[in-house]
4 protein chains.
Amino acid sequence: MKDKKAAVLAATLELISEQGFHGTPMSQIAQKANIGVGTIYRYFPSKENLINELYIHVKARLASYVFKNYIENMPVRKSFLHLLRTIVDYFLKNPIDFLFMEQYATSPLITVATRQEGLRMFEAATKLFIRAKEEELIKDLPLDLINTFTYGATRSLVSMYLFSDDKPSDEILNEGIVAIWDGIRK
Amino acid sequence: MKDKKAAVLAATLELISEQGFHGTPMSQIAQKANIGVGTIYRYFPSKENLINELYIHVKARLASYVFKNYIENMPVRKSFLHLLRTIVDYFLKNPIDFLFMEQYATSPLITVATRQEGLRMFEAATKLFIRAKEEELIKDLPLDLINTFTYGATRSLVSMYLFSDDKPSDEILNEGIVAIWDGIRK
Amino acid sequence: MKDKKAAVLAATLELISEQGFHGTPMSQIAQKANIGVGTIYRYFPSKENLINELYIHVKARLASYVFKNYIENMPVRKSFLHLLRTIVDYFLKNPIDFLFMEQYATSPLITVATRQEGLRMFEAATKLFIRAKEEELIKDLPLDLINTFTYGATRSLVSMYLFSDDKPSDEILNEGIVAIWDGIRK
Amino acid sequence: MKDKKAAVLAATLELISEQGFHGTPMSQIAQKANIGVGTIYRYFPSKENLINELYIHVKARLASYVFKNYIENMPVRKSFLHLLRTIVDYFLKNPIDFLFMEQYATSPLITVATRQEGLRMFEAATKLFIRAKEEELIKDLPLDLINTFTYGATRSLVSMYLFSDDKPSDEILNEGIVAIWDGIRK
DNA sequence: CATGAATGAGAATTCATTCAT
DNA sequence: CATGAATGAATTCTCATTCAT
């Protein structure tokens, strides 16, 4: 049943975001997912594999949301702002996903292969940057730099929103996104 | 002896950055530090305390490096670029410190008190942002946002440099830093 | 399975009586009970809890033996002698239970709650003393005193029998019990 | 220096009575005795030896108190009552000594040799019982029985006094002691 | 003699994983 | 397929004892 696998992933995400990987026993995951411990092992060969699959799962969900209404051939600046805005939206709506990504993006538990698979889902964004460079709209910096820079700044935006006591308005978020664009544009 | 405490901190930093907190047993730390397991507990009451002290230690080392040649009353833009450049320099020279900060900046293992103590060491930077706002040189966004944005973007810069195969030149790093400034300046 | 819990209790009783609580590692208990160490923790949350449950267990077994053929309304003296005789019998047949009770009756490891639960099992004896006082058959001393005095003297009897080289005859034991009665009777 | 040895014994007695043998680290004893840990080992080869010497020490102190004004040739009953009364007095004045004896009288930590040495200090009491038997004042029971019986009952007396909320009067204590005599007299 | 820093063996406890039902 | 009792390797931490100063 797909049901059980999904239940395990959901339970793991919630528990792990709060308690961390090592603070969350398989038994607790099983309990939250309303299945037996042994059953988890029908779907995931090990706990390590489970968290890696969860990483892919969460990243795929984000990508699917982000690219749902994304149109490839719109003007670069508009695409860029739309993309960032959608990412921010998603994380504000799904803070647990954000917490999870923050913690496991750099964790040694996530294998190189997993991380690469996660990156592949955002190739459309890379294409956009390439186009931007060709159209000479952004600084002449390495693509990688543009990429991480953009994502890093976006994370900061979300993080500040989620953890600060006085939530910034929608407008300020937009200004923040524009600031990122200002950072890379020519 | 101060020797042993320092040896424990050094060993922990190195091991924990690669293997994570839970992937690093106390016995391994002891071995790498060339002391007995029990000795660690003469200096640190628990493993949790050890990592919190290490956090302070690393952050203090960074702050000391960053503010060594920092002059409070220089023009804002110059100060800003100098500050970011020094941070980047430090992390490129001490990649393990960077990996450690990346992993534990958001980890629940680091207590609120520890994090606050860490922040206090960078008050000079906050002062600079306040001055920048007063002089109306940067966008009218919340200080927190400016702050996390700046640090987030800086991290991306370092991260890209450390993990990409074709290391960007010194010039490109400078351009990256300027890009950050462009992001927040008016 | 009830089997394993019982096996753990039996193993613990035997080992702890000889070696003491702190002289008996959980691993040894597991080995003697023919189970894995972890299995003990399925039945007892901690070593401290284990010894407290064992205390109840042993005391319940004693009470069940002692009151099996006990009839409430027999003459006081007869009841008294019967009771003491049965206690002595039980301990002579189960010397390990005696050793265990001797060591843990006063130990700080046994919680107040556990001790109280143990006392409740011997309320019938207290009733007998009350009746004895009402019938003015025994000295006019506080009940507590009568109680501890009686039990203390009984313990001595058992202890002497178990550890002396020339075991006293059945008759002598009876005389000993009568001596206790003589101590408290008017 | 005799000073230090005595200080160690005093510190150990106090700490061990409250916290138990295994709950009391050597370092704590050293601290309470105002000496270095290593120094303990100049006077006692091991922790086990320390507790055995303490046992002897406490028992000797009790014996010295009990037999201080004891006259060998007084009438048996008077001697007996005096002896018991003095024991009770001592323990009421030194409850820690009582707690210690109660806990370690049956503990596997005290070696057989130590226990025997402790018994030897009370030979005068045994002599009294022999005389009592010769004069046919007490029941014709084995000496050992008389002995343990008497001591067991005395312990109960003290224990009840120390732990009950409504302390029995001096008179009641005397009655209790008489009850013990009544138990063994012909 | 006195000290206390250093040590590492040993203890309780946890938890991923297996496998008989 | 699903289960969860059983397992024991692995982990953190304590503390008696040693020995260089």
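Proteins get letters first, then strands, A, B, ... in listed order; numbering begins at 1 in each.
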So, using side-chain hydrogen bond (donor to acceptor under 3.5 Å, both in side chains) as the criterion, who are the partners of [X] when residues are at least two apart?
X         : answer
Tyr65(A)  : Lys93(A)
Ser17(B)  : none
Ser107(C) : none
Asp97(B)  : Arg61(B), Tyr90(B)

Exercise for review: Please list all pairs passing the salt bridge (charged side-chain N to carboxylate O under 4.0 Å, His left out) test where one or both residues lie in residues 41-57 of chain B, with sequence neighbours left out.
Suggested key: Lys5(B)-Glu53(B)
Check your understanding: If you look only at pairs with a residue in residues 20-37 of chain C, which of them pass as a salt bridge (charged side-chain N to carboxylate O under 4.0 Å, His left out), with sequence neighbours excluded?
Key -> Glu14(C)-Lys32(C)
Rounded off to whole Å, could you give me the [atom1]-to-[atom2] distance for the [X] and [N] pair?
X         : N       : atom1 : atom2 : answer
Leu109(A) : dA16(E) : CG    : P     : 12 Å
Ile29(A)  : dA2(F)  : CD1   : C1'   : 18 Å
Gln31(B)  : dT7(E)  : CD    : C1'   : 15 Å
Gln28(D)  : dG4(E)  : CD    : C1'   : 16 Å
Ile40(D)  : dC1(E)  : CD1   : C1'   : 15 Å

Check your understanding: Given that Asn34(B) and Asn34(D) both sit by DNA chain E, which one's nearest nucleotide is further toward the 5' end?
Key -> Asn34(D)
Check your understanding: Is there a donor in the side chain of Gln19(B) and an acceptor in the side chain of Thr24(B), or the other way round, less than 3.5 Å apart?
Key -> yes
**Study point:** Summary of protein contacts for nucleotides 13-21 of chain F, nucleotide by nucleotide, where a base hit scores B, a sugar-phosphate-only hit scores S (4.0 Å, heavy atoms)
**Key:** BB-SBB---
Exercise for review: Could you pull out all residues at least two apart from Ala105(D) that satisfy side-chain contact (heavy atoms from CB on, under 4.5 Å)?
Suggested key: none
Practice item. Return the nearest nucleotide to the side chain of Lys4(B); candidates are dA6(F), dT7(E), dT3(F). Key: dT7(E)
Point to revise | Pair assignment for DNA chain E - dot-bracket with | for other-strand partners, Watson-Crick or G-U under 3.5 Å | key: .||||||||||||||||||||
Practice item. Look at Tyr43(C) and dA5(F) and indicate whether a side-chain polar atom (N or O) is within less than 4.0 Å of OP1 or OP2. Key: no
Review point. What nucleic acid atoms does Ile35(A) come within less than 4.0 Å of, heavy atoms only: base, sugar-phosphate, or nothing?
Key: sugar-phosphate
